[in-house]
Amino acid sequence: MIRTTSAVVRIVVIAMLVSIVGLVPRPAGSKCRRDCKRALATEFRACKTTCEKGKPGKPCRAVCKSEFRAARLACRGATNPTPPDCGGATTTTTTTVPGSPGTGVKGALTATPGRFNYNATLGLPGASAACNTNFPGSHVCTLTELQSAPASALAGLRDTASNAVTSFWAVDSSAPALQQCNDDAVGGSGLNWEYATAHTASRGQKVALNNGTGVLGSLQTGLQCNLSGNSWVACCQ
């Protein structure tokens, strides 16, 4: 085959460019450091421990896995990833407050027994103060507010400690006081969500949350305030 001079020149130039490109070093952020990999893996495992066992917790675990993959990708793309954020690859910055403006639900406080104790204050006053501290202008969500919130406002919800939320105490001023963990013990305060034992008829009510879909379960009533497991307190605005 006979090549023209111009064709030969083009081939030589292309070959030189390919060689030069091969010598250009990769960006420093193209590899996630080993300590970051360990940190992200630890966070992933911690996330899964907040999910329910078996099939009910599958959507929650799927959210954890998705966040883990996104975190690894962000770490690989960071210029200088270092723990604890690994180049901004944390998985908690967007999930603490999943609700967009107008949805009502702004976040959640950490899980608690039926005796609320936030901001060193018992009951609803302490919980509302903690809501306002963490989500300015917010208050404790009522059951009605939770039930009227769109699923998109609850899907992937995490509390102020980045734990996945899987149930709420059902705060309802129209419900009987003895279904609101009322401190009806002798010498007690007589206020809701302050009952600490189980020797009276005072009980509480909850609703479960499918963290993956944002769908609430049916109302559960007659639950012991201190022995039925911790649940979360949502904050609304």
Side-chain angles (χ1 to χ4, degrees), residues 39 42-44 46-51 60 63-64 66-67 70-71 83-86 88-173 180-181 189 191-196 204-216 225-226 229-237:
T42 299
E43 186 175 348
F44 175 48
C47 179
K48 290 194 297 183
T49 62
T50 66
C51 302
C60 174
V63 171
C64 294
S66 176
E67 292 178 342
D85 67 332
C86 291
T90 56
T91 60
T92 62
T93 56
T94 60
T95 52
T96 303
V97 191
S100 57
T103 58
V105 180
K106 299 303 176 185
L109 306 178
T110 51
T112 176
R115 186 180 192 239
F116 300 170
N117 190 357
Y118 299 102
N119 281 24
T121 303
L122 293 178
L124 290 173
S128 280
C131 278
N132 187 56
T133 298
N134 289 280
F135 312 100
S138 68
H139 57 271
V140 173
C141 293
T142 65
L143 175 61
T144 300
E145 287 176 313
L146 288 174
Q147 291 175 330
S148 62
S152 60
L154 298 175
L157 183 67
R158 290 183 179 274
D159 63 21
T160 54
S162 301
N163 301 305
V165 177
T166 57
S167 64
F168 297 107
W169 286 108
V171 177
D172 183 1
S173 61
Q180 296 287 288
C181 291
S189 67
L191 300 177
N192 293 345
W193 303 107
E194 293 190 13
Y195 185 55
Q205 51 189 18
K206 301 180 180 183
V207 286
L209 171 67
N210 184 318
N211 192 273
T213 64
V215 175
L216 291 173
C225 301
N226 65 333
N230 292 354
S231 285
W232 285 260
V233 175
C235 300
C236 287
Q237 190 171 30

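Counting begins at 1 with the first residue of the sequence.
Rounded to the nearest 0.5 Å, atoms NE2 (His139) and CG (Leu124) are 11.0 Å apart. Distance check, rounded to the nearest 0.5 Å: CZ of Phe135 to SG of Cys236 gives 10.5 Å. Summarising the geometry, atom CG belonging to Leu122 is positioned 5.0 Å from atom CG belonging to Asn117; distances are rounded to the nearest 0.5 Å. Rounded to the nearest 0.5 Å, atoms OG (Ser152) and CG (Leu157) are 11.5 Å apart. With rounding to the nearest 0.5 Å, the separation of CG in Leu109 from CZ in Phe168 is 10.5 Å. Put simply, OG on Ser167 and CG on Asn211 are 10.5 Å apart, with the number rounded to the nearest 0.5 Å.
Between Tyr118 and Val233 the shortest side-chain heavy-atom distance falls below 4.5 Å. Glu145 has its side chain out of reach of Val105: every pair of non-hydrogen atoms, C-beta onward, lies at least 4.5 Å apart.
Taking each heavy atom of Trp232 and Ala164 in turn, the nearest pair found is CZ2-O, 3.4 Å. Considering every non-hydrogen atom in both Pro125 and Thr121, the closest pair reads CB-CG2, 4.3 Å.
Side-chain contact check for Lys106 and Ser138: no donor-acceptor pair (N or O, by modelled atom type) lies under 3.5 Å.
Asn163 contributes no side-chain N or O that, together with a main-chain N or O of Asp159, makes up a donor-acceptor pair within less than 3.5 Å. Not a single donor-acceptor pair under 3.5 Å links the side chain of Tyr195 to the backbone N or O of Asn226. Side-chain atoms of Asn132 come within 3.5 Å of backbone N or O of Gly137 as a donor-acceptor pair. In this structure, Gln180 contributes its side chain and Asp172 its backbone to a donor-acceptor pair below 3.5 Å.
Checked against Leu216 for a side-chain contact (heavy atoms from CB on, under 4.5 Å), the options Leu143, Asn210, Leu154 give a single hit: Leu154.
Cys235-Cys141 SG separation is not under 2.5 Å; the pair is not scored as a disulfide.
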